[in-house]
Peer 1: 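Dropping a structure here in structure tokens format, bear with me for questions.
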Amino acid sequence: MERTFWKEAVVYQIYPRSFMDSDGDGVGDLRGIIMKLDYLKELGIDVVWLSPVYKSPNDDNGYDISDYEDIMDEFGTMADWEELLAGLHQRGIKLMMDLVVNHTSDEHAWFVESVRNPDSEYGDYYVWRDAAPDGSLPNNWESFFSGPVWEYSEERGQYYLHLFSKKQPDLNWENEKVRHAVYDMMKFWLDKGVDGFRMDVINLISKVEGLPSNGNAPIADGSMYYTDGPRIHEFLQEMNREVLSKYDIMTVGEMPGVTIEEAKKYTGEDRGELQMVFQFEHMRLDGGPGGKWDIVPWKLPQFKAVMHKWQIGLAEKGWNSLYLNNHDQPRMVSRFGNDGEYRVQSAKLLATLLHTLKGTPYVYQGEELGMTNVKFKMIDDYKDIESLNMYHDRVTYGGADPGTVMAAIQTRGRDNARTPVQWDDSDYAGFTTGTPWIGVNPNYVEINAKQQQSDPDSVFHYYKKLIALRKENPIMTYGDYELLLPDHETLYMYTRTLEQETWLIVLNFSTEKTALEWPPNLLGKEASLVIGNYSEEGMDEKELRPYESRVYAIK
Ligand code: GLC
């Protein structure tokens, strides 16, 4: 397997709105990130993935872009952005920008022109359709943010497609001019020195011709008609030929619903597409038949099975990205760990998993502090369009029980990850001197960066240690992976092997002690502890404490 920088790197995701506010308007900004560059350096990460900072009316917090080549007013100026890039590069950190090109904002000049002038160059930049002959919508697909994917434009007298909010019209990738406009924009940023792109819902850009309805229901899931669509590989190969291959950069595609077979094509080294994908299978284990808001308990054997499938699936061809949360998901310690008594231990255990599976780890801001979900009491405390639309769809118009829907949002809503980063125990966690755009998690008094930076046993220091270990031990990046005890309900156990060395990773996913059965083929060999999340005092070779994790090197 080819050794490359991006396989060895650790990526840190910044959601700028909630990272650090430098000017007291309650919204995080670029100068706020600049203030924290030494923090990132101390943590030791190699790459920053910056969620969108482009001009945007913020219907979906920057994922609705009205000008791709300018900076959002609330976040600062192009000069601030340039200073940020220089500051990162001075510290040896690369910058990966978010590329959101399935859709733009409805306030983007292309869309404004497309509405106004169907006969202009922009007339065909978006997906416009007439109503069906019986006057109904062009098809029955449901949007990710509730309701139909179609919105009527009085002015143009047609419907436009929006897989997300009605302020996020989908670009028409069938139109070659659209594709080339996107490529030009990518070159604009690459020529400014960015080191890569995280590509937003990139496997949704190619839609099946004719945009067929799914069955006869008035509203239904249409994802089979746009996930890994018919021309997706052609489009990405074209993008690679025209842009990506001309630069030495990192790429990762966000791909809801992607299968292993497709992922091999997206990331295969001989294919000329992308380097990594974000798959979603492990994010769906706690969703029932009703989807993400229909919450069911997840089970460790299923979790292991999904991760295993991807570890094996991309072992020879392609490469995994490893993540347990981001700005769209609940906090990992609340979801897959224990955010009560064992918060610190389970945050470290999950970190161990993230850094010792094979793939490139992505750390989401605040994860390195073991930040947790938040429980806001009122729907108005939530800001995320996905949660708000769903709530109104179900409760205000649908008559559902508000308590049940609130509980789903508290567990699963995206705002869990979007509360401000907890820097210290001063007002608003040191995030802002004004009023934050979204509430701060009240646990900032105990959980904050300042406290953890000075505590050698903190989650922060544990992340630092894992990241440093990766630099010294190629086995963490390149070692072959093998799963042990796949059916065990609380123990997650696997090995990584590179040449003569084997690492054994043991993780106790439970609040109970769990017996540790040493794999027979490793019995009698010399084992030394590389890293563990409990003190060595009282360590029992045959038993793991609640949420205990250990990594052994065996020779
Ligand atoms: C991606 C983003 C998410 C956004 C959506 C639409 O899933 O991560 O935050 O809402 O795409 O752009």
Side-chain angles (χ1 to χ4, degrees), residues 11 13-19 28 49-66 68 72 96-108 111 126-127 141-147 149 151 160-171 173 182 197-205 207 221-223 226-228 251-258 274 276-284 287 291-293 321 323-331 362 364-365 367 382-390 409 412-419 437-438:
V11 183
Q13 183 191 355
I14 292 183
Y15 192 69
R17 211 175 177 74
S18 306
F19 190 68
W49 149 26
L50 190 59
S51 277
V53 294
Y54 316 98
K55 198 139 269 177
S56 165
N58 283 305
D59 192 51
D60 186 20
N61 291 354
Y63 283 91
D64 49 320
I65 297 166
S66 55
Y68 285 113
M72 189 193 298
M96 215 182 189
M97 295 287 275
D98 217 308
L99 183 79
V100 187
V101 292
N102 175 68
H103 44 267
T104 68
S105 162
D106 65 338
E107 297 180 34
H108 193 291
F111 189 74
Y126 295 84
V127 184
W141 300 353
E142 181 175 19
S143 131
F144 283 96
F145 293 162
S146 304
V149 295
E151 183 70 11
Y160 64 86
L161 176 85
H162 59 89
L163 294 185
F164 294 88
S165 102
K166 62 182 182 209
K167 285 185 69 63
Q168 293 168 300
D170 280 48
L171 282 164
W173 274 75
V182 168
F197 292 112
R198 172 268 185 187
M199 304 187 183
D200 193 65
V201 292
I202 198 71
N203 66 329
L204 310 186
I205 60 178
K207 280 87 177 166
D221 172 24
S223 58
Y226 54 75
T227 302
D228 306 324
T251 54
V252 56
E254 186 210 19
M255 302 208 174
V258 68
L274 303 177
M276 290 171 266
V277 305
F278 289 130
Q279 60 86 14
F280 278 70
E281 272 190 74
H282 59 313
M283 293 287 124
R284 295 192 170 160
K292 85 175 253 184
W293 302 110
S321 65
Y323 74 98
L324 294 170
N325 51 198
N326 58 40
H327 67 294
D328 292 330
Q329 302 293 338
R331 288 282 176 185
Y362 287 74
Y364 177 65
Q365 66 184 34
E367 172 188 326
Y382 287 93
K383 307 294 169 201
D384 174 22
I385 182 167
E386 183 195 38
S387 295
L388 295 175
N389 283 4
M390 186 278 286
I409 293 175
R412 201 69 176 73
R414 305 194 296 180
D415 282 337
N416 281 307
R418 299 177 179 186
T419 62
W437 70 278
I438 189 170

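Every value quoted in this text rests on a predicted model; they were computed, and no experiment measured them. Just follow the structure's listing: the first ligand is 1, and inside any ligand the first atom is 1.
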Peer 1: Ring centres of Tyr126 and Phe111 under 6.0 Å apart?
Peer 2: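 Ring centroids of Tyr126 and Phe111 are less than 6.0 Å from each other.
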Peer 1: Can you tell me the protein heavy atom closest to atom 2 (C) of ligand 1 and the distance?
Peer 2: Asp200 OD1, 3.0 Å
Peer 1: Nearest to atom 9 (O) of ligand 1, what protein heavy atom do you find, and at what distance?
Peer 2: Asp328 OD1, 2.7 Å
Peer 1: Report the part of His327 (side chain from C-beta onward, or backbone N, CA, C, O) that has a heavy atom under 4.0 Å from ligand 1; answer both or neither where that applies.
Peer 2: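 Near ligand 1, His327 shows its side chain, while the N, CA, C and O stay back.
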Peer 1: If you apply the rule side-chain hydrogen bond (donor to acceptor under 3.5 Å, both in side chains), what do you find for Ser165 with Asp60, and how did you get there?
Peer 2: CA-CA 8 Å; Ser165 102; Asp60 186 20; over 6 Å; no
Peer 1: Would you say Tyr15 and Asn61 are linked by a side-chain donor-acceptor pair, where the criterion is simply a distance under 3.5 Å?
Peer 2: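 Side chains of Asn61 and Tyr15: pair found under 3.5 Å.
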Peer 1: Do the ring centers of Tyr63 and His327 come within less than 6.0 Å of each other?
Peer 2: yes
Peer 1: Please report the C-alpha distance between Arg412 and Asp328 in whole Å, then the side-chain angles of each, then the deciding distance to 0.1 Å, and finally whether the salt bridge (Lys or Arg N to Asp or Glu O under 4.0 Å) criterion is met.
Peer 2: CA-CA 9 Å; Arg412 201 69 176 73; Asp328 292 330; over 6 Å; no
Peer 1: Check whether the ring centres of Phe145 and His162 lie less than 6.0 Å apart, and answer yes or no.
Peer 2: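 Judged by ring-centre distance (under 6.0 Å), Phe145 and His162 do not meet the cut-off.
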Peer 1: Which atoms of ligand 1 have any heavy atom of Arg414 under 4.0 Å away?
Peer 2: 3 (C), 4 (C), 9 (O), 10 (O)
Peer 1: Applying a heavy-atom cut-off of 4.0 Å, say which part of Met199 lies close to ligand 1: side chain, backbone, both or neither.
Peer 2: neither
Peer 1: Donor-acceptor check, side chain of Thr251 to backbone of Leu274, threshold 3.5 angstrom: yes or no?
Peer 2: no
Peer 1: Measuring from the heavy atoms of Glu386, does anything fall under 4.0 Å of ligand 1?
Peer 2: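 Per 4.0 Å heavy-atom rule, Glu386 does not contact ligand 1.
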Peer 1: Need the ligand 1 atom indices (1-based, order shown) with element for anything under 4.0 Å from a heavy-atom of His103.
Peer 2: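 Once the distances to His103 are compared, the set is 6 (C), 12 (O).
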Peer 1: Looking at atom 5 (C) of ligand 1, what's its closest protein heavy atom, distance included?
Peer 2: Phe164 CE2, 3.7 Å
Peer 1: Does at least one non-hydrogen atom of Arg198 fall below 4.0 angstrom from an atom of ligand 1?
Peer 2: yes
Peer 1: Would you check whether Phe145 reaches within less than 4.0 Å of ligand 1, judged by its heavy atoms?
Peer 2: yes
Peer 1: To check your reading of the model: name the closest protein heavy atom to atom 10 (O) of ligand 1, its residue, and the distance in Å.
Peer 2: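 I find the closest protein heavy atom is Asp60 OD2, 2.5 Å.
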Peer 1: Would you call Glu107 and Lys167 a salt bridge, using N to O less than 4.0 angstrom?
Peer 2: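 A salt bridge links Glu107 with Lys167.
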Peer 1: Quick one: nearest non-hydrogen protein atom to atom 7 (O) of ligand 1, plus distance?
Peer 2: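 Going atom by atom, the protein heavy atom closest to atom 7 (O) of ligand 1 ends up being Glu254 OE2, 2.8 Å.
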